[in-house]
Amino acid sequence: MCGIIGAVSQRDIAKILLEGLRYLEYRGYDSAGLMVVNSTGKANRLRCVGKVNNLVCAAEHAVLLGETGIAHTRWATHGKPEESNAHPHISTNIAVVHNGIIENYELLRDQLRNRGYTFFSETDTEVVAHLVHWEQQRGGSLLTVVQRIIPDLCGTYGMVILDTYSPDRLIAVRSGSPLVIGCGIDENFIVSDPMALLSVTRRFIYLEEGDIAQISSYGIEIMDRCNNIVQRCEIELDTHYDAGNKGLYSHYMQKEIYEQPLVLINTLSGRYNNSLVELSEFNDQTYSLLKQVEHIQIVACGTSYHAGMVARYWFESLANMPCDVEIASEFRYRRSVVRKNSLFITLSQSGETADTLAALRLSKNLGYLGSLSICNVSSSSLIRESDFSLMTKAGIEVGVASTKSFTTQLAVLLILVAKISSLKGTTSKVEKEIVNALQILPGCIEEVLLQDKLISKLAQNFSNKNHALFLGRGEQYPIAMEGALKLKEISYIHAEAYAAGELKHGPLALIDSEMPVIVVAPQNSLLDKLKSNIEEVRARGGLLYIFTNSISSFSGSHNIHIIPLPHIPVVLEPIVYIVPLQLLSYYIALMRGTDLDKPRNLAKSVTVE
Ligand code: GLU
């Protein structure tokens with residue numbers, strides 16, 4: 001969500017800023033802009049609605065000379081996606097790019113209007129530009145001016161401020177939204193995601209919450225929230241940005257669905273030996289902490305929340321470990337009762353999800369035993385701020401609708417369930433069963449992918465549908481929820497998931513011959529119960545799509561489609577059954593012609609609350 005990039009150099013910088021914005025596109029945005037200034041203070045600003053490519057094309061016809069600059073991809077929170085609302089926002093000599101929300105902007109805007117300022121946008125961000133300009137009249141360097149206005153701002157922000165009267169520096173402020181300094185030779189940068197700068201540097205300094213940095217081509221100065229000068233350590237990133245090209249695939253999402261067997265092998269490899277879990281990330285201290293755990297609290301958002309819901313079934317049924325799961329945006333704003341010896345687990349693909357990070361920070365003062373994050377980006381804030389972590393090794397996920405991150409999260413969670421079950425129990429029976437099952441997981445998913453053609457054909461039945469219901473029981477209930485989320489995200493069909501037993505408490509009223517009902521029905525102890533729910537739908541003429549490995553349980557008829565799936569260990573069912581639902585959503589969205597790697601209104605990395 002929103003991307004920021006800034007540079008102070010001795011060479012023209014526009015090209016690097018535009019290249020950086022191209023990388024930041026994955027985060028989701030609706031408009032983009034940049035401003036560059038040269039050493040005499042001459043500035044040029046360019047903004048466009050839509051793709052970064054529009055900005056790149058516009059830049060070809062503009063004069064964008066300057067050694068200092070700031071650029072931004074905007075994901076609108078306040079004000080429509082229009083050029084006038086795109087960043088940078090300016091107030092005479094001051095320019096600002098901002099990620100986040102200034103919650104008290106209305107009050108500040110009224111005060112600034114009374115002081116004679118005119119507003120040219122509907123954004124919350126513009127108040128910052130005018131506020132800095134106003135405060136500058138009271139004297140002091142740009143840095144001290146920014147330090148003086150910070151207490152007036154409520155909300156979350158990562159922002160970068162440029163003053164065309166002192167074009168040799170940028171001021172960056174981090175409060176709730178990530179910002180990282182890129183250290184170059186005779187040039188320095190600031191960015192939301194270091195990957196966007198890999199073509200110019202590999203050395204980075206992560207700003208911490210509340211930090212303010214002054215960045216020039218010759219130096220970097222960082223102050224903490226109390227304005228003390230601080231040293232933050234510099235790290236060298238050895239990662240390479242390689243999402244690869246799409247190859248034979250039409251979309252990144254399709255590629256990422258097909259990558260699942262491989263990334264599961266990567267995620268699992270080295271994590272077991274002789275049917276026992278081995279976690280090189282954990283040391284004796286971690287293990288003694290895990291032994292004390294008596295309760296698990298999982299907090300996450302979106303797809304990661306669904307992974308957490310599956311894990312709850314696993315922790316309680318396989319490891320006898322009480323577990324609760326909560327959506328991060330709810331958890332962070334309510335008073336919750338912390339159980340004795342509770343471990344706080346966060347899940348996030350990017351590790352920058354604003355609500356999940358805020359929940360983690362809150363948890364630190366609530367008396368949890370410790371915090372564990374499961375995440376796909378090793379340099380993320382979530383990993384750095386958690387006591388310990390387990391990486392999913394899904395590789396870069398480009399498609400906004402998460403696929404391989406979900407299945408790798410589930411695999412890591414299952415490994416953790418296995419470990420906790422033997423640490424807390426008396427035998428390693430469950431651990432061995434889980435590890436043996438996980439060894440065949442990539443092969444099971446390969447087998448499911450063979451149903452691609454059948455699923456793509458069935459997708460045609462959805463071309464004129466506006467609604468769909470997903471049903472599941474037990475661990476398959478969160479899988480039904482994740483299936484419905486995928487369909488909503490990329491095909492824009494309204495989809496709802498229900499625990500199948502809830503059908504008769506309301507949603508049955510929706511069933512008619514127009515309503516597709518997608519059921520995840522593996523052969524397990526709940527199948528007979530589920531069959532009764534399926535009959536309830538069938539009796540009312542609903543259109544059934546049943547994903548099952550128990551074909552003989554269902555007799556075909558005109559309104560029942562069976563999608564046969566392989567026989568697999570019960571413990572793997574949630575991980576395997578989401579794959580055909582991912583494919584179904586993919587093909588439905590493809591047929592409806594949506595921008596399925598970048599669905600409207602959504603962002604990959606949700607860095608605003
Ligand atoms: N709240 C600001 C706006 O709507 C920034 C949004 C963003 O993070 O991109 O312009």
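Any value given below was found using the heavy atoms of this structure, including those in side chains, with hydrogens, waters and symmetry copies removed. Just follow the structure's listing: the first ligand is 1, and inside any ligand the first atom is 1.
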Is the closest heavy-atom distance from Gly100 to ligand 1 below 4.0 Å?
-> yes

Between Thr123 and ligand 1, which part of the residue brings a heavy atom under 4.0 Å of the ligand: side chain, backbone, both or neither?
-> side chain

Proximity of Thr77 to ligand 1 by residue part, where a heavy atom lies under 4.0 Å = both

Other residues, nucleotides, ligands: >12 heavy atoms within 6.0 Å of [X] [atom1]:
X: Lys364; atom1: NZ; result: yes
X: Gln231; atom1: CD; result: no
X: Ile185; atom1: CD1; result: no

What atoms of ligand 1 come closer than 4.0 angstrom to any heavy atom of [X]?
X: His78; answer: 4 (O)
X: His98; answer: 5 (C), 7 (C), 8 (O)
X: His72; answer: 9 (O)
X: His87; answer: 2 (C), 3 (C), 5 (C), 10 (O)

For Tyr117 and His133, run ring-ring contact (aromatic ring centres under 6.0 Å, His included): C-alpha distance rounded to whole Å, both residues' side-chain angles, the deciding distance at 0.1 Å, then the answer.
-> CA-CA 10 Å; Tyr117 285 95; His133 181 267; 5.6 Å; yes

Taking N or O atoms only and a 3.5 Å limit, does Asn85 qualify as a polar contact for ligand 1?
-> no

Looking only at N/O atoms, are Trp75 and ligand 1 under 3.5 Å apart anywhere?
-> yes

Residue that, paired with Arg232, satisfies salt bridge (Lys or Arg N to Asp or Glu O under 4.0 Å) out of Glu208, Glu209, Glu221 = Glu208

Does Arg174 make a cation-pi contact with Tyr157, if we ask for NZ or CZ under 6.0 Å from the ring centre and within 45° of the axis?
-> no

Test side-chain contact (heavy atoms from CB on, under 4.5 Å) applied to Asp163 and Val146, Leu142, Val145, the passing residue = Leu142

